[in-house]
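Report on the structure given below.
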There are 2 protein chains.
Amino acid sequence: MKEGPDIAQIGALIGDPARANMLTALMGGKALTATELAAAGGITVQTASTHLAKLEAGNLLAQRKQGRHRYFTLADDSVGKFLESIMGFAAGRGHLRHKPGPKEPALRKARICYDHLAGDYGVRMLDSLIARGAIDSIGDGLALTESGETALKDIGIDVHALKSSRRPLCRSCLDWSERRAHLAGSLGKALLSNFLEKGWARRAAESRSVVFSPEGERQFLALFPATK
Amino acid sequence: MKEGPDIAQIGALIGDPARANMLTALMGGKALTATELAAAGGITVQTASTHLAKLEAGNLLAQRKQGRHRYFTLADDSVGKFLESIMGFAAGRGHLRHKPGPKEPALRKARICYDHLAGDYGVRMLDSLIARGAIDSIGDGLALTESGETALKDIGIDVHALKSSRRPLCRSCLDWSERRAHLAGSLGKALLSNFLEKGWARRAAESRSVVFSPEGERQFLALFPATK
DNA sequence: AGGATGCTTCGGTTAGGATCGAAGTATGAA
DNA sequence: TTCATACTTCGATCCTAACCGAAGCATCCT
């Protein structure tokens with residue numbers, strides 16, 4: 001039939017376990033070297049190198065040379081969003097891993113989705129923002145309200161600066177673990193950065209999970225109360 | 001790393017060209033037999049049979065036995081939406097087919113996206129509905145307004161009946177050719193059915209493209225004027 | 001019953017690509 | 001310069017899975 005774009009190509013790119021693991025590792029938002037990605041994929045550096053070349057040729061990855069290191073990141077945030085949506089789809093279809101692993105609960109609670117907060121806490125934050133009228137929503141669509149803008153200023157986020165960026169302020173991103181939307185876009189990124197700067201939370205070393213400090217958790221939960 | 005759902009599995013399912021072509025064929029919304037899908041994939045029935053078994057095991061397809069035929073469809077509309085989003089992503093990353101083929105322009109103009117209208121005409125319709133205030137939108141989110149409900153009643157669509165269904169009324173679906181949103185959901189489906197019933201358009205035989213009659217095209221363009 | 005059609009299962013072949021060892025290139029350090 | 005580190009390229013191996021011919025079921029028609 002050969003109609004439309006070639007979905008088999010990207011399917012094949014994502015379809016290899018080693019490549020999928022490397023992409024998942026890059027969802028953490030950090031730039032990683034080829035050696036680190038090889039470890040993430042469970043393969044040697046040689047093999048990783050060919051995989052990375054293919055992913056780059058497919059425009060899924062971007063590369064930045066720095067000295068003798070070569071740092072890889074997802075090509076842009078749309079790739080991250082796309083990967084998260086695949087995860088949501090996969091989880092919904094029962095394509096889970098054989099053994100959930102010990103880190104799974106932490107991931108479900110709070111994790112990084114490329115550059116913003118996801119998991120239970122990410123969903124809770126968005127729900128709470130909507131409930132208090134800081135964000136309007138229709139279906140999947142999100143928009144910051146006037147009152148929301150001032151509320152965020154109190155938290156310490158310069159909404160005005162974010163608005164000047166080309167990137168959309170609010171985007172919804174489907175959370176694979178909660179199967180609900182969480183907040184992406186430049187605002188989602190700014191909020192996560194804010195929490196990390198304040199020391200409320202930190203990124204786990206070798207994982208995408210986000211670990212809250214006891215005090216940070218208290219503050220976060222107070223700032224974003226449960227809805228209903 | 002082994003974090004989260006197994007995206008490699010669905011990637012691999014979609015990553016085979018024969019399977020991708022069969023899935024694309026099913027985006028036409030019609031239930032197809034194994035023999036028809038074999039032709040769509042460019043393979044023999046034996047091979048197609050094993051592919052179809054895999055796709056079904058992966059919960060991407062549903063199967064309905066009818067006499068000695070076996071009709072396959074996409075498991076549900078979320079699969080269709082997912083495939084269209086992959087097409088959009090693929091097109092955005094430059095993953096196009098080598099030769100666009102003669103049917104390409106017709107596809108870009110108007111085609112079926114599982115059960116609703118997509119392509120230039122699909123995008124035009126949604127834009128027009130938003131412009132006249134029949135549908136509210138925030139970002140990707142869509143909602144039918146009061147005035148929109150009466151307007152659709154005039155066209156001949158029983159919105160009340162649609163509302164009772166479990167399926168969402170309005171959904172936005174990213175159009176791969178236009179790279180903009182078009183209208184999905186039960187309302188999108190109802191509108192397309194309405195056009196087909198009225199004889200404004202018909203489905204092409206072996207393709208996903210939708211062919212408008214001269215009169216139907218006139219009516220459609222008048223009903224959904226361009227929004228500058 | 002007998003024959004035709006639609007599809008699946010089995011068996012064997014083949015090709016693509018994932019893999020790694022070894023060698024080659026680039027950058028930095030001593 | 002010499003050595004070490006980070007990465008890529010080359011070459012060869014090996015394995016999976018896509019593929020089809022042939023045979024086996026199931027259903028329908030006459």
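In the text below, chain A, chain B and the rest are named by the order of the sequence lines, each starting its count at 1. Model, not experiment: these values are computed from the prediction.
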Is the number of heavy atoms from other residues, nucleotides or ligands under 6.0 Å of Lys189(A) NZ greater than 12? no

Between Thr44(A) and Gln46(A), a side-chain donor and acceptor under 3.5 Å: yes

Under 3.5 Å, is there a donor-acceptor pair linking the side chains of Arg171(A) and Ser78(A)? no

Closest to the [X] side chain, choosing from [options]:
X	options	answer
Gln46(A)	dT8(C), dT5(D), dT8(D)	dT8(D)
Arg68(B)	dT19(C), dT27(D), dC7(C)	dT27(D)
Lys54(B)	dT8(D), dC19(D), dA17(D)	dA17(D)
Arg70(B)	dC7(D), dT8(C), dG21(C)	dT8(C)
Ile43(B)	dT8(D), dC7(C), dC20(D)	dC20(D)
Thr33(A)	dT8(D), dA18(C), dC7(D)	dC7(D)

For [X] and [N], give me the distance from atom [atom1] to atom [atom2], rounded to whole Å.
X	N	atom1	atom2	answer
Leu55(A)	dT8(D)	CG	P	12 Å
Arg64(B)	dC7(C)	CZ	C1'	16 Å
His69(B)	dT5(C)	NE2	P	11 Å
Leu37(A)	dA6(D)	CG	P	14 Å
Glu36(A)	dT5(D)	CD	P	16 Å
Leu13(B)	dA17(D)	CG	C1'	13 Å
Glu56(A)	dT9(D)	CD	P	11 Å
Asp16(A)	dT19(C)	CG	C1'	10 Å

[N] OP1/OP2 closer than 4.0 Å to side-chain N/O of [X]:
X	N	answer
Lys65(A)	dC7(D)	no
Arg19(B)	dA18(D)	yes
Thr35(A)	dA6(D)	no
His51(A)	dT19(C)	yes

Aromatic rings Phe195(B) and Phe224(B): how do their planes relate, parallel, tilted or perpendicular, breaks at 30° and 60°? perpendicular

Want to settle it: does Ala12(A) or Thr47(B) sit nearer the 5' end of DNA chain C, counting the closest nucleotide to each? Thr47(B)

Electrostatic pair Arg70(A)-Glu56(A), nearest N-O below 4.0 angstrom: no

